[in-house]
Amino acid sequence: MEQNKDQAVMSENNNNKAQDPNPRVAGEGCSVLLDVNDGDRLVFARLSGGAVLKIGNKNYSLKPLIGAPFGSIFQVETGEDGSFLSRILPIKKESSSNNVIDDARDNRELIDNNEAQNLTGEEIEAMRREGAKGDEIIEALIANSKTFDQKFQLSQEKYKLKKQKKYAPKLLLRRPFARSICEAYFKKYPARIGFIRVDALSLLLTMANVTAHSDVLVVDMVGGLITGAVAERLGGTGYVCNTYKGNSPPSVEMVRMFNFTDKVIERIVQSSIDELSAAKTVSPEENNQQGGVHPSTSDMVEDTPVTAEARVVDDAFPESKIVKAPKAGAKASKDAIEMWKENGFSSLIMAAQDQDPWSLAKDVLPLLSYSAPFAIYHQYLQPLATCMHNLQQGKMAINLQITEPWLREYQVLPSRTHPHMQMSSFGGYVLSGIRISTA
């Protein structure tokens, strides 16, 4: 009898494992980050049979991306039914730019008068209609260019890259996780994430000592980026509780992009500061209601586009069924709230760009256990300096310090390694410390 029970438990576990989606493969209904032409354009999309992406003046179906592993490269090709995305395998070939030699040629004698190309636009369109691939068009452009052979070696590489982006655009299928989501938003819409740069995000997680089996309290008013990053690091262990003032929680719709499993989603809860701090007597019926999943603000943004470029059209294939992402941000149960009231949270992360840090810190810091680390992000220095001064005066924390993250990106290429010509010079500030007893 016991052997039958063990076999039933093992079969049930095997079924649950089989149902878990492969995190390395882009399945139908999962969120993806589409990188067009090596970062020229970043678009979030949810894969379905009717999803399309606009590249240039044409719409391309994203159906070929379903079932492909993350990191796959797709290229626009032309067939009998028109243009489509086709997966290509990266071929490692030695580029002439890797061995830069002394070249007497330069571009001083070249005149940009739009007369160097003998191939007309009509001829290029005719080649496309005949089914010519993008690489074939590029070779034809090079062969019909009067000045290509006169260009410097590095200028020739730039010319090829420019034509490849126009006539043979490539698409990289990337997995959305904390770093890629933060970089994509910071590049296009930094205000939506409070101007949090990726190094500032990693600094917040480090300063708050976010590790497995931790109960992390977050004040996330940057769309759910902090909540998702903490849940990703916890990996389905511990809890991440998003707290707020008032009755309406802030939106955390970015959590849907992380493709979390149900195990991780169950560990993302929310509760107001009043519920966490006040000792209230709750009836069993109210306790049952609090233990259930309540609709959050993320439920109301299912059809809202993340960015202006991330609109996914689903009317091309009406018969395709769209798989929705799991809902995050359930109401914290009474048992969990009572446990946190008794033991306190293990760490705190705050990112509230429209709020005064001190007005929030004085209410949420007492919810931490003693010796618990905390990290507070703000775009400007003065609000954190005021908060730090008040914490010192009230003897509420020790080891207080304000850190300014610093990041410099380099281009690493033979004979032309240098910092990027355009980069972010400002990444906000982080106030960190350790909570102590005021008694």
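What you see below is based on every heavy atom in this structure, not just the backbone, and it leaves out hydrogens, waters and symmetry mates.
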May I ask you to test the [X]-[Y] pair for a side-chain heavy-atom distance under 4.5 Å?
{"X": "Val252", "Y": "Gln270", "answer": "no"}
{"X": "His420", "Y": "Tyr410", "answer": "no"}
{"X": "Gln392", "Y": "Leu400", "answer": "yes"}
{"X": "Leu34", "Y": "Leu62", "answer": "yes"}
{"X": "Leu276", "Y": "Ser271", "answer": "yes"}
{"X": "Phe260", "Y": "Ile268", "answer": "yes"}
{"X": "Ile376", "Y": "Leu360", "answer": "no"}
{"X": "Ile196", "Y": "Ile226", "answer": "yes"}

Separation between [atom1] of [X] and [atom2] of [Y], rounded to the nearest 0.5 Å:
{"X": "Asp40", "Y": "Lys165", "atom1": "CG", "atom2": "NZ", "value": "3.5 Å"}
{"X": "Lys362", "Y": "Met396", "atom1": "NZ", "atom2": "CE", "value": "10.0 Å"}
{"X": "Leu141", "Y": "Gln117", "atom1": "CG", "atom2": "CD", "value": "5.0 Å"}
{"X": "Lys63", "Y": "Glu28", "atom1": "NZ", "atom2": "CD", "value": "8.5 Å"}
{"X": "Leu65", "Y": "Tyr60", "atom1": "CG", "atom2": "OH", "value": "13.5 Å"}
{"X": "Met388", "Y": "Tyr429", "atom1": "CE", "atom2": "OH", "value": "14.0 Å"}

Report task. Could you check Thr206, Leu348, Asn209, Ile349 and say which one makes a side chain to side chain contact (heavy atoms under 4.5 Å, CB included) with Pro373? Result -> Asn209
Query raised in the report: Picking from Ser424, Pro190, Ser202, what satisfies side chain to side chain contact (heavy atoms under 4.5 Å, CB included) with Arg197?
Result: Ser424
Closest approach of [X] to [Y] (non-hydrogen atoms, all atoms of both residues):
{"X": "Leu225", "Y": "Ala178", "result": "CD1-O, 4.3 Å"}
{"X": "Pro383", "Y": "Pro357", "result": "CB-CD, 3.6 Å"}
{"X": "Lys245", "Y": "Ser359", "result": "NZ-O, 3.3 Å"}
{"X": "Gly27", "Y": "Ile66", "result": "C-CG2, 4.4 Å"}
{"X": "Leu205", "Y": "Ala229", "result": "CD1-CB, 4.2 Å"}
{"X": "Val210", "Y": "Val230", "result": "CG1-CG1, 4.0 Å"}

Step through the shown structure and confirm whether more than 12 heavy atoms of other residues, nucleotides or ligands are within 6.0 Å of [atom1] on [X].
{"X": "Asn390", "atom1": "CG", "value": "yes"}
{"X": "Tyr380", "atom1": "OH", "value": "no"}
{"X": "Lys187", "atom1": "NZ", "value": "yes"}

Does [Y] offer a backbone N or O that forms a donor-acceptor pair with the side chain of [X] under 3.5 Å?
{"X": "Glu253", "Y": "Gly224", "value": "no"}
{"X": "Ser272", "Y": "Asn247", "value": "no"}
{"X": "Arg175", "Y": "Phe70", "value": "no"}
{"X": "Asn259", "Y": "Cys30", "value": "no"}
{"X": "Ser432", "Y": "Ala375", "value": "no"}
{"X": "Asp220", "Y": "Thr227", "value": "yes"}
{"X": "Ser369", "Y": "Phe345", "value": "yes"}
{"X": "Gln379", "Y": "Gly194", "value": "no"}
{"X": "Thr237", "Y": "His213", "value": "yes"}
{"X": "Arg416", "Y": "Pro414", "value": "yes"}

Requested in this report: Evaluate side chain to side chain contact (heavy atoms under 4.5 Å, CB included) for Arg179 paired with Glu232, printing each intermediate quantity in order.
Outcome: CA-CA 11 Å; Arg179 176 171 181 169; Glu232 181 181 76; over 6 Å; no
**Report entry** Listed once per pair and sorted, the ring pair (Phe, Tyr, Trp, His ring centres under 6.0 Å) pairs that draw on residues 226-245, sequence neighbours left out
**Finding:** Tyr239-Trp340
Query raised in the report: Which is it for His378 and Leu431 under the side chain to side chain contact (heavy atoms under 4.5 Å, CB included) test, yes or no, and what are the steps along the way?
Result: CA-CA 8 Å; His378 202 275; Leu431 170 62; over 6 Å; no
Report task. Would you please test Met221 and Gln353 for side chain to side chain contact (heavy atoms under 4.5 Å, CB included) and show each step? Result -> CA-CA 7 Å; Met221 297 185 182; Gln353 57 177 344; 5.7 Å; no
Query raised in the report: Would Leu42 and Leu33 satisfy side chain to side chain contact (heavy atoms under 4.5 Å, CB included), going step by step from the backbone distance to the final call?
Result: CA-CA 7 Å; Leu42 299 172; Leu33 176 59; 4.2 Å; yes
Query raised in the report: Going by distance alone, is a donor N or O of one side chain under 3.5 Å from an acceptor N or O of the other, for His418 and Gln411?
Result: yes
Query raised in the report: Who pairs with Phe84 by ring pair (Phe, Tyr, Trp, His ring centres under 6.0 Å), at least two apart in sequence or on another chain?
Result: none
